[in-house]
Structures are given as C-alpha cells and as structure tokens.
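Note that the structure is a prediction, hence the values are computed from the model and not measured.
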Amino acid sequence: MTDEHQNTDRDNSDIESEPSPVEQVTLVLDDLRALVRAEVNYYQSRLDYSRHVLRWSFRFGAIAAFAFSGAAIALVIGLVLTVSPLIGPGWATLSVTATFILIGIICGLKARKWLRKVYFPEIERDDDPIT
C-alpha cells in the first residue's frame, strides 16, 4: 500500500523553493524592523502610562500640599488665639511666628546636613557654584 501524498524521492523543486541569501537577509531585516517597531510601541505605551500616573500623582500631591498649608495656617492662628489672652495679641503673634521661624531654621539646617551626605564629586572638590 503506497501513499500518493508521500514522496520519498527528493525533488529539485524543494531546493529551488528555498529563499536565496538575499531573500533570507531581507526576511531577517523585516523581522528585525517588526521587533524594533514592537519595542518602540511597548516603551511608548509605558511612557504614556508613567506620564498618566505622574500627572495624577502631582495633582493629588498639590491638593495635599494645599490641605497641609491650610492646616498649618489654622494651627498658627489657633496658637495665636490660645496664647493671646495670656500675653496679649501682639506678643502672641510675635512668639508664635518666632517659634515657627526657629523650627524652620532648625529643620532647614538638618535637611542641608542630610543632603550633604549625598556623594557628588563637585561637592567633595568644593567647586560647586551653588554652595
């Protein structure tokens, strides 16, 4: 029983149907172009997603900063109103303001100290024009 579809003899048409080296290089280049296009599209979509996330993070961060600023103002006003019956409104305002300025200076100096711990060659050589 022989199968008509099975051909055990090797035909010359199989050799002729193989792509030439130029065609093989063209196929590889086409695959490479498709790969590069897919990679560019992938990174473009990642960039769009990151941009979207950063945009909303910035928006919510700005709202949080606004809310904390309002809370800080309320704290300062509350402190002034609380201390004013004891030492008077002028002295209460002056003392609360001076206290917050002192806290700001202390925290600013500590922040500067912590930032100095970050290694930058410009800072180590002391040729940084900013500081």
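- Two residues are said to be in side-chain contact when any heavy atoms from C-beta on lie closer than 4.5 Å; Q24 and V28 fail this criterion.
- A single hydrophobic cluster is seen to contain both I73 and L81, as judged by linkage of ILVMFWY side chains at heavy-atom distances under 4.5 Å, directly or through other members.
- Atoms CG and OG1, on D31 and T26 in that order, are 11.0 Å from each other to the nearest 0.5 Å.
- In this structure, CD1 in I63 is found 10.5 Å from CZ in F58, a value given to the nearest 0.5 Å.
- Under a 3.5 Å cut-off, the side chain of S95 and the backbone N or O of A92 do form a donor-acceptor pair.
- In plain terms, the two heavy atoms of S84 and P89 that are nearest each other are CB-CA, 3.8 Å.
- The distance from atom CG of D48 to atom CZ of R51, rounded to the nearest 0.5 Å, is 5.0 Å.
- Here the OH-CG distance, from Y42 to L47, works out to 12.0 Å after rounding to the nearest 0.5 Å.
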Is there a side chain to side chain contact (heavy atoms under 4.5 Å, CB included) between F100 and L79 once you walk through the steps?
CA-CA 11 Å; F100 274 95; L79 285 172; 3.8 Å; yes

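- Distance check, rounded to the nearest 0.5 Å: CG of L32 to CD of E39 gives 10.5 Å.
- Between W56 and F60, the ring-plane angle classifies as tilted under the 30° and 60° cut-offs.
- By the criterion of side-chain heavy atoms lying less than 4.5 angstrom apart, applied directly or through intervening Ile, Leu, Val, Met, Phe, Trp or Tyr residues, L86 is grouped together with W91 in one hydrophobic cluster.
- Shown here are the side-chain hydrogen bond (donor to acceptor under 3.5 Å, both in side chains) partners of R59, two or more places apart in sequence or in another chain: there are none.
- Taking CD1 from I77 and OG1 from T82, the interatomic distance works out to 11.5 Å, rounded to the nearest 0.5 Å.
- The one candidate from L94, T93, L75 that meets the side-chain contact (heavy atoms from CB on, under 4.5 Å) condition with V80 is T93.
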